[in-house]
Amino acid sequence: MQLVRVRDISCISAYIVPSDDAHQSEYQCQHDERRAFISGFDGSAGTAVITRNSALLWTDGRYYQQAEKQLDSNWILMKDGLTTTPSLGVWLAQNLPRGSAVGVDPRLFSFRLWKPIENELNSSDCHLIPIENNLIDEIWGENQPPQTFNSIKTLKLEYAGVTVAKKWDLVREKMQEKKADALIVSALDEIAWFLNMRGSDIDFNPVFFAYMIITRDQLLAFVDSEKLPTDFSSHQTENEVQIKVLPYSSIGLEISRIVSTKGTKIWISPTSSYYLTALIPKSQRLQEVTPICLLKSIKNDVEIKGFVNSHVRDGIALCQYFAWLENQLDHGEKIDEISGADKLESFRRTQDKYVGLSFPTISSSGPNGSIIHYHPTSETKRNITLNDIYLCDSGAQYLDGTTDVTRTFHFGIPTEFQKEVYTRVLKGQLTFGSTIFPAKVKGQVLDTLARKALWDIGLDYSHGTGHGVGHFLNVHEGPIGVGIRHMPDDPGLQENMFISNEPGFYKDGEFGIRIEDIVQIVPAQSTYNFSDRGALTFKTITMCPKQTKMIIKELLTDLEIHLINRYHQQVWDNLSPILSQQGDSFTLSWLKKETQPI
Ligand SMILES: *[C@@H]1O[C@H](CO)[C@@H](O)[C@H](O)[C@H]1NC(C)=O
Ligand SMILES: *[C@@H]1O[C@H](CO)[C@@H](O)[C@H](O)[C@H]1NC(C)=O
Ligand SMILES: *[C@@H]1O[C@H](CO)[C@@H](O)[C@H](O)[C@H]1NC(C)=O
Ligand SMILES: CC(=O)N[C@H]1CO[C@H](CO)[C@@H](O)[C@@H]1O
Ligand SMILES: [Mn+2]
């Protein structure tokens, strides 16, 4: 790959500003928030394009409203996902002069995204060129926050469950099957999981900046040695491995060294950067999702136990918060979106093994709830009142698991329409959550189950139904997912994967409704076994009541009534002994009320 250093910007007609960092992380540290810096739009997904005379931003349905608010008049919002919106590459091909060059930093762009754009541009003789110096960094200058450099902690086997040596064995097997000599790993959550270590370089995501190269007999970690945990040596002993540490910045050199041996085959994920991928000659590349990504998505026994336990503790904090909130509002106390979110965090902080939040709390009242990824700021916060729907989507990191849960309440008198759509969202969640399906069907296949009750009255929601969840790792975890969109690396749903189940409905300018649980994939008690493919279903591990006041019972089937009553019984059975033992009779009586059968 020939990296071009831009001295005179007249050599490019457009510059793409992706939201990725060099590891293609979903969330970035402030240093890497280049797209937010240049455009003002700070949602987690979006790509900016700057040409000589225009500035455009592509983002998906979750962010249309937020982007409209945050972009100023210099920017054109391109609503990704609408059939009328051209893709970025098509737009550039149609709007730039024939033969134009489009620049992009190849570290910040995955190979998978690069290729189709290259092809789209080719139709008008335009081309994508890798630019060595990042133009946004040059504009940002000394005000750009520095790269984070936080120290790493080891995760003990009592939480991780499986040694690094054992994980390496499993990876080695897969490498042998594919005849790969080396595996390049650039995804931060894969590295953290594999090495049984956690960091804090990116807010809410317990990861650290590093790369990894795995061969049959060597485990190379590219990480600045000052960041290493103080117990790094005993960690290696406990995990029965020797990890060779090299400087973070030497990853490119090492890849070039490995590929210089003729005939070596290098495994790299198509989601890794174009920069790393292009260092490997095409004939030596194996471009598939890494075996670590797949192994990580199926939780081991210790991770499963931790997931279940952390959700019980999280449920206690949620109930304490909602009980408190309802009581405050009943007594005319003033609570706003931020003071509410802070109170919830304070309840979580008292829970055992609590580390931090897993994403910024979406504490949203009334119309703000219709902004799917809203989170309150001191300028935009609204009061939580008896007249509005309150949507609260939040989650935490515990040493033994990661949580993500949404509940929607109306503390006053909801309208019939609000009750109807709440009930239909719940129907979708119950239908999806109770379905029995053949092992390894792709998540996409099940998506419709969660939408049907809304589709019946011409309504829908513009986000996915479910995403994988990391174990004390990223709250959004691939390669699985449930949504309208095809997930290219989805290996199909398998026992002991954990995903979210979160249908919703949003009325712009009025309210938002979402109900979200985390579910574990478990064998189904079924007389059928799909010709020995295996029958699977979901087990809900989130423990928090869903407001029954919002339900129109007549819209539910007998089975759905049974399912919601059974869920509330489980919540009561799991949480009430703990609240009793803690002497929290206030929350206990709220829980009693909220878990009554309908
Ligand atoms: C662009 O298309 C032409 C003609 O189809 C082809 O020869 C060329 O290799 C393509 N270039 C790239 C970069 O794909
Ligand atoms: C929210 O409540 C505070 C305290 O009562 C009040 O001063 C403020 O005007 C309210 N804000 C809105 C938008 O109603
Ligand atoms: C169903 O199929 C799975 C996968 O082949 C197998 O492991 C399981 O034992 C089967 N269960 C029954 C009850 O036959
Ligand atoms: C992002 C956003 O639209 N926030 C809105 C939340 O509600 C307050 C109060 O009504 C508005 O001022 C904000 O604009
Ligand atoms: Mn979620």
Side-chain angles (χ1 to χ4, degrees), residues 36 39-46 57 59-73 75 77 79 294 298 301 324-343 359-394 408-412 418 435-442 462-463 491-497 504 506-514 520-539:
S39 72
F41 166 67
D42 67 1
S44 73
L57 180 113
T59 191
D60 66 68
R62 294 171 298 170
Y63 291 114
Y64 296 163
Q65 275 201 65
Q66 181 179 333
E68 267 161 9
K69 287 206 155 71
Q70 292 182 332
L71 296 173
D72 71 16
S73 58
W75 287 84
L77 172 61
K79 295 182 173 177
L294 297 174
I298 300 177
D301 291 347
W324 171 87
L325 180 60
E326 186 182 271
N327 185 260
Q328 294 287 302
L329 296 175
D330 280 348
H331 287 86
E333 298 292 334
K334 295 293 174 200
I335 315 291
D336 64 44
E337 293 168 336
I338 293 186
S339 61
D342 290 348
K343 188 72 182 178
F359 59 96
T361 299
I362 302 173
S363 168
S364 56
S365 162
N368 286 350
S370 68
I371 303 166
I372 295 170
H373 275 219
Y374 174 80
H375 58 96
T377 61
S378 49
E379 299 89 58
T380 68
K381 67 181 182 190
R382 251 179 94 87
N383 293 333
I384 304 173
T385 72
L386 296 176
N387 306 321
D388 284 315
I389 286 186
Y390 176 60
L391 183 160
C392 183
D393 183 351
S394 67
T408 302
F409 288 91
H410 198 306
F411 296 107
Q418 289 170 339
T435 189
I436 294 177
F437 56 93
K440 292 203 176 179
V441 299
K442 307 222 182 244
S462 59
H463 58 74
L493 298 175
Q494 297 167 48
E495 191 177 344
N496 294 330
M497 288 176 166
Y506 309 89
K507 180 104 180 114
D508 282 5
E510 291 187 25
F511 63 86
I513 287 171
R514 179 161 65 251
Q520 177 186 357
I521 302 181
V522 296
Q525 306 295 323
S526 167
T527 44
Y528 309 110
N529 206 24
F530 299 106
S531 315
D532 266 348
R533 284 165 73 187
L536 298 176
T537 190
F538 300 110
K539 181 181 144 203

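As the structure lists them, so they are numbered: ligands from 1, and atoms in each ligand from 1. These numbers come from a predicted model, not from an experiment. Quick note: numbers below take in every heavy atom, side chains included, and nothing from hydrogens, waters or symmetry partners.
Atom numbering of ligand 3 starts at 1 in the shown order; those under 4.0 Å from a heavy atom of D532 are 1 (C), 2 (O), 4 (C), 5 (O). Atoms of ligand 2 lying under 4.0 Å from at least one heavy atom of K334, given by number and element, are 2 (O), 4 (C), 5 (O). Counting the atoms of ligand 3 from 1 in the order shown, those under 4.0 Å from a heavy atom of R533 are 4 (C). Remark: ligand 4 atoms within the under-4.0 Å shell around heavy atoms of I371 are 1 (C), 2 (C), 3 (O).
Note that atom 2 (O) of ligand 3 has protein non-hydrogen atoms nearby, at separations under 4.0 angstrom. For atom 12 (O) of ligand 4, the nearest protein heavy atom lies 4.0 Å away or farther.
Defined by atom type and a distance below 3.5 Å, a donor-acceptor pair is missing between the side-chain atoms of Q65 and Y506. In the model, S363 has a side-chain atom that pairs as donor or acceptor with a side-chain atom of Y390 under 3.5 Å.
A535 approaches N529 most closely through the heavy-atom pair N-OD1, 3.1 Å.
The shortest contact between atom 3 (O) of ligand 4 and any protein heavy atom is with K69 CE, 2.9 Å. For atom 10 (O) of ligand 4, the closest non-hydrogen atom on the protein side is R382 NH1, 3.0 Å. Nearest to atom 9 (O) of ligand 2 among the protein's heavy atoms is N383 ND2, 4.8 Å. Among protein heavy atoms, the minimum distance from atom 8 (C) of ligand 4 is reached at T380 O, 3.3 Å. Ranking protein heavy atoms by distance to atom 5 (C) of ligand 4, first place goes to N368 OD1, 2.6 Å.
In this structure Y64 satisfies the ring pair (Phe, Tyr, Trp, His ring centres under 6.0 Å) test with no other residue, sequence neighbours excluded.
Relative orientation of the Y63 and H373 rings is perpendicular, given thresholds of 30° and 60° on the angle between their planes.
Of the polar atoms of E379, none of the N or O atoms is found under 3.5 Å from an N or O of ligand 4, judged by distance alone.
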Would you please test H410 and F511 for ring pair (Phe, Tyr, Trp, His ring centres under 6.0 Å) and show each step? CA-CA 11 Å; H410 198 306; F511 63 86; 9.3 Å; no
